[in-house]
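None of these values were measured; they are calculated from a predicted model.
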Amino acid sequence: MPPPANRQRNLFEAAATYVAACAENDLDGSAEAARWVSPEALSFGVNELACRAVIALAREHGESPRTVARALLGLPAG
């Protein structure tokens with residue numbers, strides 16, 4: 001859901017909206033969020049979100065971030 005039009009959109013809000021829309025296969029939502037900030041800012045925000053998500057999942061499961069990241073991508077433990 002887009003923020004109100006009278007408010008500046010920040011890169012983390014854009015990243016969260018973009019990733020959630022992608023996860024829900026919402027092409028219109030991801031395209032809209034991608035227009036809120038520059039491609040570089042969106043990339044930075046998505047990277048930061050990915051790092052935070054992997055760290056949170058690793059803590060939750062008592063695993064290393066490396067193990068969790070590889071498992072999420074379907075890669076063998078490394």
Next item on the list: Using the six-membered ring of Tyr18, assess whether NZ or CZ of Arg35 lies under 6.0 Å from its centre and within 45 degrees of the ring axis.
Entry: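 No; the conditions do not both hold, so Arg35 does not lie above the ring face of Tyr18.
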Check: Do Val37 and Leu49 share a hydrophobic cluster (ILVMFWY, side-chain heavy atoms under 4.5 Å, transitive)?
Finding: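 Yes; tracing contacts between hydrophobic side chains, which count when under 4.5 Å, links both residues.
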Checklist line | ILVMFWY cluster, Phe44 and Val19 together (side-chain gap under 4.5 Å) | finding: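 Yes, same cluster.
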Margin query: As a quick check of understanding, evaluate side chain to side chain contact (heavy atoms under 4.5 Å, CB included) for Leu42 and Leu11, giving each step before the final call.
Written below: CA-CA 6 Å; Leu42 183 62; Leu11 70 103; over 6 Å; no
Atom pair [atom1] ([X]) and [atom2] ([Y]), whose distance is rounded to the nearest 0.5 Å:
| X | Y | atom1 | atom2 | value |
| --- | --- | --- | --- | --- |
| Glu32 | Asp26 | CD | CG | 10.0 Å |
| Ile55 | Glu60 | CD1 | CD | 13.5 Å |
| Arg52 | Glu48 | CZ | CD | 4.5 Å |

Item checked: Expected output: side-chain Arg9 to main-chain Trp36 donor-acceptor under 3.5 Å ->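 Not a single qualifying donor-acceptor pair exists.
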Notebook entry, point to check: Just by distance, do the side chain of Thr17 and the backbone of Ala14 share a donor-acceptor pair under 3.5 Å?
Noted result: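 Here the side-chain-to-backbone pair does not exist.
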Checklist line | Least distance between heavy atoms, Ser30 atom then Ala21 atom | finding: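 Scanning both residues, the minimum pair turns out to be N-CB, 3.4 Å.
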